[in-house]
Protein chains: 2
Amino acid sequence: MYEITFNLKKLSFDLTSFTEENYLKIIYLLTERNNGNEVSTNDLAEQTQTKAASVSDMLRKLADKSLINYKKYQGVTLTTDGEKIALSVIRKHRLWEVFLVNKLGFGWDEIHDIAEQLEHIDSEDLTNRLDTFLGSPKFDPHGDPIPNSQGQMPSVVYHRLSEAPLNKEVAMTGVSVHSPAFLQHLDKLQIKLGCTLKVLEISEFDKSLNVILNNDSSLFVSYEVAKNLLVK
Amino acid sequence: MYEITFNLKKLSFDLTSFTEENYLKIIYLLTERNNGNEVSTNDLAEQTQTKAASVSDMLRKLADKSLINYKKYQGVTLTTDGEKIALSVIRKHRLWEVFLVNKLGFGWDEIHDIAEQLEHIDSEDLTNRLDTFLGSPKFDPHGDPIPNSQGQMPSVVYHRLSEAPLNKEVAMTGVSVHSPAFLQHLDKLQIKLGCTLKVLEISEFDKSLNVILNNDSSLFVSYEVAKNLLVK
DNA sequence: ATAAAAATTTAGACTAATCTAAAAAAATAT
DNA sequence: ATATTTTTTTAGATTAGTCTAAATTTTTAT
C-alpha cells in the first residue's frame with residue numbers, strides 16, 4: 001500500500017477569496033462599461049445573480065478591506081488594490097480561454113463557464129507558465145485584451161460595425177456580447193475574428209446591413225448583430 | 001464601450017461540492033492504503049486538516065446523501081456513488097499533474113497544490129479533451145495510475161525497493177510519498193520514474209542500500225528512501 | 001473483568017454569504 | 001416643491017462548514 005497522495009494545508013476551499021474575486025472582477029468590467037463611473041448596487045446584484053441586500057453587505061466588507069471606494073447610496077469604484085486583484089482574475093480568465101480554444105479545440109461559444117472556474121486557480125507561477133506556453137497572447141478568443149503580468153490592461157479602441165462608414169473595409173476584432181447564442185450565430189454567418197467586412201448599405205426599414213465578407217461574399221446582418229461586432 | 005464579458009449562472013462557488021469531493025477523495029485514498037478497510041474519523045481529521053468533531057458532522061451529511069457507508073464509531077467506506085465521485089476527482093487531479101509537468105515544465109515536486117485546486121473544475125468535456133490532449137496517459141508524474149473516463153482505476157501491483165531481491169534489476173515505477181522534500185531528494189540522487197535499480201547490499205547497521213542506478217553508477221540510499229520507492 | 005485511555009459523537013457557538021421584509025435615501029414626475 | 005417611485009441599506013434569519021468542550025463509546029492494559 002502506498003501513502004496518501006496529498007498533504008492538504010487547508011481542506012476547505014477559501015470561499016471568501018473566490019467570492020471577493022468575483023465581485024472585484026465584475027466591478028472592474030461594469031466600471032469599464034460605464035466609462036469609469038461608479039457601479040450601482042442593482043447592477044452588481046444583477047451580474048452576481050444575487051439580491052441588492054447581499055450586495056450591500058458585501059460592499060461594506062470589501063470597503064473594510066480597502067478594495068473598493070464606497071459611499072453609501074453612491075455606488076462603487078475599485079481602489080488600486082482592488083483593481084490589481086480584478087486584473088489578475090481577468091488575465092487568468094482570458095489566458096485559460098485561449099488555452100481552451102487553441103489547445104483543446106473548444107469553440108468560442110463553449111468556454112465561458114469553464115474559464116469562470118479556472119480564473120480562480122491561485123498560482124502566479126502557473127499563470128505565467130501558461131502565458132508562455134500559449135505564446136503570450138495579447139487577445140482572448142473573443143478579441144478581448146489580456147492584461148500583462150504587471151497587471152496592465154492594454155487599452156483598445158473599439159468601433160461598432162453598426163457605426164462603420166459605408167464602403168470602407170474594416171477588420172473584425174471583437175464582440176461585445178459573449179452569449180453562446182450570439183457566437184453561434186456568428187459561426188453560421190462565418191464571421192470570425194480577423195475577417196474583413198465592408199458595409200454597402202443600411203436598410204431604412206430595419207437598420208439591417210448589407211455587407212461584404214472577406215472581400216468575397218455578400219450577406220445581411222441585423223442591427224442587433226452589427227451593434228455587437230467590434231471592428232477597426 | 002462593450003458589454004460585460006460574462007453571464008454568471010451562479011456567482012458563489014459551490015463550496016459544498018468542493019468540500020464533499022475532498023472528503024470522498026480522501027476516503028478513497030485512505031481506504032486504498034488500508035487494504036479496503038474502513039477509514040477512521042481521526043485519520044480523516046488529520047488528512048482534512050480539521051477536527052474529529054467536524055469530520056463526524058460531515059460523515060453524517062455524506063451518509064445522508066448515500067455517498068458513504070457509515071455506522072457510528074465504526075469508520076466509513078465509500079458507496080458506489082461516492083466512489084464514482086472520488087475517482088472522477090482523482091482522475092482530474094492526476095491528468096492536471098501530467099499537464100503541469102509535461103506541458104508547462106513544472107517539476108514533480110511543485111505540482112501538488114495546484115492540482116489540488118484544478119481537480120475540482122467541473123466539466124466532463126474539459127477532462128476528456130485534456131486527456132486526449134495529453135495522449136491519454138495511464139500514469140501521473142509520480143507513477144500513480146489514472147482512472148479512465150468510465151471511472152475505472154487500473155490495478156497496479158507495487159513492490160518497495162526496500163524489499164526487492166538482491167542483485168536483481170528492477171524499474172522505478174512510483175513513489176509512495178509525495179512530499180516536495182522527498183521528491184527533491186530523489187532529484188538530487190537522479191532517481192526518476194523509469195530508471196533501473198539493482199540492490200547490491202543492505203547495511204546491517206542502518207538498513208541503507210547500496211544500489212546500482214541505470215546499470216551504471218553506484219549509490220547509497222537510506223531505508224527511508226528505499227521504503228518509499230516503488231519498483232517492479 | 002474492569003479501570004484507564006483513546007476515539008468518536010453531540011451540544012452549542014461562530015463565520016461567511018446569502019435571503020426576505022422593512023426602513024431609509026435618492027431620483028423622478030407632475 | 002412635493003408626492004411617488006426606485007434604489008439602497010438595515011434588521012433579522014438561514015445554511016454550510018468549522019470550532020471547543022463535554023458526553024459517550026470503544027479499545028487497551030492490567
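Every chain is numbered from 1, with letters handed out A, B, ... down the list of sequences.
Closest approach to the B:S56 side chain among D:dT9, C:dT10, D:dT18 is made by C:dT10 (side chain taken as heavy atoms from C-beta onward). Picking from C:dA21, D:dT26, D:dT18 the nucleotide with the shortest atom distance to the side chain of B:M58 gives D:dT18. The side chain of B:Y73 has C:dT8 as its nearest neighbour among C:dT8, C:dA24, C:dC19. Nearest to the side-chain atoms of A:D57 among the listed nucleotides C:dC19, D:dT8, C:dA17 stands C:dC19. Among C:dT9, D:dT9, C:dT8, the nucleotide with an atom closest to any side-chain atom of B:N42 is C:dT8. Distance from the side chain of B:T50 is smallest for D:dC19 among the nucleotides D:dC19, C:dT9, D:dT9.
Using the six-membered ring where Trp is involved, B:F133 and B:F99 have ring planes that are tilted, between 30° and 60° apart.
A sub-4.0 Å separation between OP1 or OP2 of D:dT24 and a side-chain N or O of B:K72 is absent. Side-chain N/O atoms of A:S40 include none lying less than 4.0 angstrom from OP1 or OP2 on D:dT7. For the OP1/OP2 pair of C:dT18 and a distance below 4.0 Å, the side-chain nitrogens and oxygens of A:Y23 include at least one atom meeting the criterion.
For the pair A:K61 NZ and D:dT10 C1', the interatomic distance rounds to 14 Å; values are reported in whole Å. Going from atom CZ of A:F18 over to atom P of D:dA16 covers 18 Å, rounded to whole Å. We find that CG of A:L44 is positioned 10 Å from P of D:dT9, with the value rounded to whole Å. If you measure from atom CG of A:D43 to atom P of D:dT6, you get 16 Å, rounded to the nearest angstrom. Between the NZ atom of A:K71 and the P atom of C:dA24 there is a distance of 23 Å, given to the nearest Å. Atom NZ of B:K51 is separated from atom P of C:dA13 by 20 Å (rounded to the nearest Å). D:dT18 atom C1' lies 14 Å from atom CG of B:N22, rounded to whole Å. Across the protein-nucleic acid pair, B:D64 atom CG and C:dT9 atom C1' stand 15 Å apart, rounded to whole Å.
Contact annotation for A:S54: base contact, defined as any heavy-atom pair under 4.0 Å involving a base atom.
Separation of the A:H112 and A:H93 ring centroids falls under the 6.0 Å cut-off. Residues A:Y23 and A:F18 place their aromatic rings such that the two centres sit no closer than 6.0 Å.
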Criterion side chain to side chain contact (heavy atoms under 4.5 Å, CB included) on A:L67 and A:L24, from CA distance to verdict: CA-CA 8 Å; A:L67 296 172; A:L24 296 172; 4.0 Å; yes
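In this structure, B:A53 and A:Q74 both approach DNA chain C, and ranking their closest nucleotides by distance from the 5' end singles out B:A53.
Between the side chain of B:N37 and the main chain of B:N34, a donor-acceptor pair closer than 3.5 Å is present.
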